[in-house]
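First the structure, in the form of structure tokens, and then the observations on it.
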Amino acid sequence: MKPRFIAYLAALTLLVSLIAASAASPAIAGSGVTRQIALAGTGSPVAGEFTPSGSATDLEVPEQEDEASPASFDGTVDRSLSRGSGSGIVAATAKKAKSNPQLSTTFEGLNFYQQRYTRGGNQFSVEPPDQGMCVGNGYIVEAVNDVFNVFNMSGTSVLPENTSTNIVSGHARNVNHAIDLNSFFQYPPAINRTTGVRGPNVTDPTCYYDAQTQRFYLVVLTYALTATNNLQENHVDIAVSATSNPTGTWNIYKVDVTNDGTHTVAGNACPCLGDYPHIGADANGFYVTTNAYPWNGNGFNGAQIYAFSKRQLASGAATVTATHLDTFASVNVMTGEIPSLKQPGFTLWPAQSPGTTSYELGAGGTEYFLSSNAADEATHPVSGTGGNYISSQIVLWGLTNTSSLDSTTPSVSLTNTVLAVGQYALPPKADQPGSGSAPTMATPQGYCLNNETTVTIAGTGCWKLLVTAAAHARGAEVVSRLDSNDTRMQQVMYANGKVWGALDTAVSFTTPTPHNTAGVAWYIVKPDVSTGSVTGSVALTGTNGYTDKNLIYPAIGVTPSGRGVVAVTVVGSSMFPSAGYAGIDAQAGMGDIQIAAAGAATDDGFTSYRQQVGGNPPRTRWGDYGAAAVDGNSIWIASEYIAHACDYTTWGGPFFAGGSGDNLLGTCSGSADAPGTRAALGNWSTRISKITP
């Protein structure tokens, strides 16, 4: 089953849903195929050309195409190919890191208002943000779906002032200097709201600062669709700053991924979508991984790895050498059978290395990856369904001889090994205050969708501002439960001679009654490549969770000395979605959760409501990942949370009879001249914080 798309006309959301995680076992996937990638051009963080959009009566009219919601572990989580119920969850383990992380700088990063109204409003409304963040040389770079900013260490944007030229609905809109990712990568607007013409879709941003080359690396998935929503092409775009200053020029390389993973197994043939790209680096190379999904078939075509010479990219070379490795090689492509313990890799997350010395130099230079194997992509890639979504294994991967990446004929080798860990399982959705109850006026979009009496410019009944009568007939809305991710591996680090990673899991409790929450399973692995193939052991592992709240979308950052921080969103029946963190080390593990910024309201995004996206219940998009970046002895973290509250009357403004305020629906700004705290269809924000572990 392919990722789904949720589209909005006027708020036209178009996003790729992400897919689960998994891996393979001790096997050699070969040295890959090498090709030359030409420099495609340059970009910079300056808004591109656009036609100002909007009018005083602009409405957010939804249109959507969806897929069925899968069942999940002990509850429902709408996630990728994983369908059915898991069992055998594990209880939280009490761990306390020896370090006491100190929070210093913390500020609100990019938010939904900035995303929707940059580039003159020629943007889609998008959920989830997909958190990309990297730090170095005195700069903080943040990229989310689909907007970009650069801050100094105090949290002030250092991009050019663009308020006066960012005209939407007849007014200059303050988006805190942010620009859209389409501008950054030199594409036309995501949508021209005057003509309706769509530009390329840019999604899944991820960012890394490499202290060795003193360059920033930003990677996105870019794809184009036909008028009937068929995939035309998709490529991974790699932008590398030309200097150590990210406000200047960036060199851009484009790697076509449409026909990678070209196996034909039981109909699983490309063209494929190169979904969920993530990045890492060692002393020699820069690495991008994707998940290949056949666009016109079933199942999954394996994780793909792209290995580049880091020095070629950093120099802005006219061509760079790319070595492509396909982890589907462990599947019998004639029969579609999967040999015991030889699943195709799924969501291989490449390790990032802090500083300039935290590299594995053994076996000619080695880059490590971690993955998990509870999802159908790992266990049933041909059929795409049939698993039980639990596992007691993770997979350590090693790409050796990376020093050869600087040559014209690289010779690298990919091996992996399965490691036994405590059992993990597909987590339940995360409840928030009011989950399952009718939205109150403090959740204005949800309240509007249920309202039949408010007099608006579209008629009586607030719902008429948002949906058609047919969509409204889907029924009354309730406050949702947030998507808790699945069991895919999240951000991975190689520091202090160890590989660090974490994933989302179900956590069981017996009091006050037996129940599950979403928690974090974390892993500290000691790798070994002394034989030329990767082996290893689990140095320390555990599961952290709380009986009354959920921890979702972990991201780990670790200093060269081995002191780390885990960033999470924290949410529960008595806690709005908040930005949290905990210390982690290799002696005592992950500590107690602390709050960097408390949430101010419930999530009120369009993916929460079946009138807008269908499903029963719909899948409330969150995440789809957080970020952590090491800068010296400090760790910067970024997570999604709800930063601002807004009441129903302020949300409606002049769209309600007798109302006043902004002439754009739902910005909650009070006037057209003030920056909004949200937009009509969503209220997510990101939080960036500096932690010293």
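Side chains are part of it too, since the values below use all heavy atoms of this structure and drop only hydrogens, waters and symmetry mates.
- The two residues Ser44 and Ile179 make their nearest non-hydrogen contact at O-CD1, 4.1 Å.
- We find the CG-CZ distance between Asn683 and Phe112 to be 8.5 Å, quoted to the nearest 0.5 Å.
- At most 12 heavy atoms of other shown residues, nucleotides or ligands fall within 6.0 angstrom of atom CG in Asn633.
- No side-chain donor-acceptor contact under 3.5 Å links Asp326 to the backbone of Gln304.
- Between Tyr223 and Glu233, the side chains place no donor N or O within less than 3.5 Å of an acceptor N or O (distance only, hydrogens not considered).
- Using a 4.0 Å cut-off between charged nitrogen and carboxylate oxygen, Arg678 and Asp604 count as a salt-bridge pair.
- With hydrogens and angles left out, the side-chain atoms of Asp673 and Ser671 include no donor and acceptor closer than 3.5 Å.
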Apply the test ring-ring contact (aromatic ring centres under 6.0 Å, His included) to residues Tyr217 and Tyr209: give CA-CA distance (whole Å), side-chain angles for both, the deciding distance (0.1 Å), then the verdict. CA-CA 6 Å; Tyr217 298 75; Tyr209 176 74; 8.6 Å; no
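- A tilted orientation is assigned to the rings of Phe184 and Phe148, their planes being inclined by 30° to 60°.
- Taking each heavy atom of Ala322 and Ile37 in turn, the nearest pair found is CB-CG1, 3.7 Å.
- Taking the side chain as every heavy atom from C-beta outward, Thr559 and Pro354 never approach each other to under 4.5 Å.
- Of the N and O atoms on the side chains of Gln36 and Thr321, at least one donor lies less than 3.5 Å from an acceptor on the other residue.
- Counting only residues at least two apart or in different chains, salt bridge (charged side-chain N to carboxylate O under 4.0 Å, His left out) contacts with residues 306-315 comprise Asp210-Lys310, Arg311-Asp406.
- Note: Leu665 CG to Ser169 OG = 11.0 Å, rounded to the nearest 0.5 Å.
- Between atom OG of residue Ser669 and atom NE2 of residue His644 there is a gap of 12.0 Å, rounded to the nearest 0.5 Å.
- With Asn145 contributing its side chain and Thr203 its backbone, the two residues share no donor-acceptor pair below 3.5 Å.
- In this structure, Phe286 and Tyr306 have side chains that are not in contact, with every pair of non-hydrogen atoms separated by 4.5 Å or more.
- The stretch residues 161-183 participates, sequence neighbours left out, in these salt bridge (charged side-chain N to carboxylate O under 4.0 Å, His left out) pairs: Arg119-Asp180, Arg173-Asp662.
- A side-chain contact (heavy atoms from CB on, under 4.5 Å) with Ile642 holds for exactly one of Pro577, Ser685, Ser578; it is Pro577.
- In this structure, the separation between CG on Asn176 and CG on Leu159 is 9.0 Å, given to the nearest 0.5 Å.
- At least one side-chain heavy atom of Ile637 sits under 4.5 Å from a side-chain heavy atom of Val565.
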Could you give me the CA-CA distance, side-chain angles and deciding distance for Val257 and Asp260, then say whether side chain to side chain contact (heavy atoms under 4.5 Å, CB included) is met? CA-CA 5 Å; Val257 296; Asp260 287 337; 4.1 Å; yes
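- Counting only distance, with no hydrogens or angles, the side chain of Asn251 and the backbone of Ala242 share no donor-acceptor pair below 3.5 Å.
- With 3.5 Å as the limit, one finds no donor-acceptor pair spanning the side chains of Tyr625 and Asn485.
- By the 6.0 Å contact criterion, CD on Glu49 is open, its count of non-hydrogen atoms from other residues, nucleotides or ligands being 12 or less.
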Going through the checks in order, is the side chain to side chain contact (heavy atoms under 4.5 Å, CB included) test met by Glu127 and Trp622? CA-CA 7 Å; Glu127 289 187 320; Trp622 195 265; over 6 Å; no
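- In this structure, Thr319 contributes its side chain and Ala38 its backbone to no donor-acceptor pair below 3.5 Å.
- For the pair Arg193 (side chain) and Gln123 (backbone), a donor-acceptor distance under 3.5 Å is present.
- Remark: the backbone N or O of Phe50 is not paired with any side-chain donor or acceptor of Asn122 at under 3.5 angstrom.
- Atom CG of Leu348 and atom OG of Ser371 lie 4.5 Å apart (nearest 0.5 Å).
- Tyr494 places a side-chain heavy atom less than 4.5 Å from the side chain of Glu360.
- Here the side chain of Thr118 pairs no donor or acceptor atom with the backbone of Gln115 at under 3.5 angstrom.
- Ser353 and Ser358 are not linked by any side-chain donor-acceptor pair at a separation below 3.5 angstrom, with hydrogens and angles left out of the test.
- The aromatic rings of Trp349 and Tyr276 sit perpendicular, their planes meeting at an angle over 60°, well past the 30° parallel limit.
- Remark: the Thr402 side chain and the Asp282 side chain contain an N/O donor-acceptor pair separated by less than 3.5 Å.
- By the 4.5 Å heavy-atom criterion applied to side chains, Trp397 and Thr327 are counted as neighbours.
- Checked by atom type, the side-chain pair Asn245/Thr243 shows no donor-acceptor distance below 3.5 Å.
- Aromatic pair Phe107/Phe151: centroids less than 6.0 angstrom apart.
- A donor-acceptor pair under 3.5 Å is formed between the side chain of Asn166 and the backbone N or O of Gly120.
- Counting only N and O atoms by type, the side chains of Asp237 and His235 include a donor and acceptor under 3.5 Å apart.
- Pairing each heavy atom of Val566 with each of Pro554, the nearest pair is CG1-CB, 4.0 Å.
- Within the 4.5 Å cutoff, no side-chain heavy atoms of Tyr359 are placed close to those of Glu367.
- Of all non-hydrogen atoms in Ala596 and Thr106, the two that sit nearest each other are O-OG1, 4.1 Å.
- The shortest side-chain heavy-atom distance between Leu218 and Tyr208 does not fall under the 4.5 Å cut-off.
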Going through the checks in order, is the side chain to side chain contact (heavy atoms under 4.5 Å, CB included) test met by Glu640 and Tyr553? CA-CA 9 Å; Glu640 184 180 0; Tyr553 294 96; over 6 Å; no
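- In summary, the side chains of Asn284 and Ser309 do not present any donor paired with an acceptor at a separation below 3.5 Å, with no hydrogens or angles considered.
- Residues Leu110 and Asn149 come closest through the heavy atom pair CD2-CB, 3.8 Å.
- Atoms CZ and CH2, on Arg215 and Trp250 in that order, are 11.0 Å from each other to the nearest 0.5 Å.
- In this model, a donor atom of one side chain and an acceptor atom of the other lie less than 3.5 Å apart for Thr686 and Glu142.
- Ring geometry for Tyr287 against Phe369 counts as perpendicular: the plane angle is over 60°, on a 0 to 90° scale with 30° as the lower cut.
- The minimum heavy-atom distance between Thr607 and Val613, with the atom names listed, is O-CG2, 3.8 Å.
- A 4.5 Å side-chain heavy-atom check between Val144 and Gln131 finds at least one atom pair inside the cut-off.
- Side-chain atoms of Asn234 come within 3.5 Å of backbone atoms of Gly274 as a donor-acceptor pair (strictly under, hydrogens ignored).
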Report the C-alpha separation of Val33 and Thr323 in whole Å, then their side-chain angles, then the decisive distance to 0.1 Å, and conclude whether the side chain to side chain contact (heavy atoms under 4.5 Å, CB included) test is met. CA-CA 5 Å; Val33 176; Thr323 300; over 6 Å; no
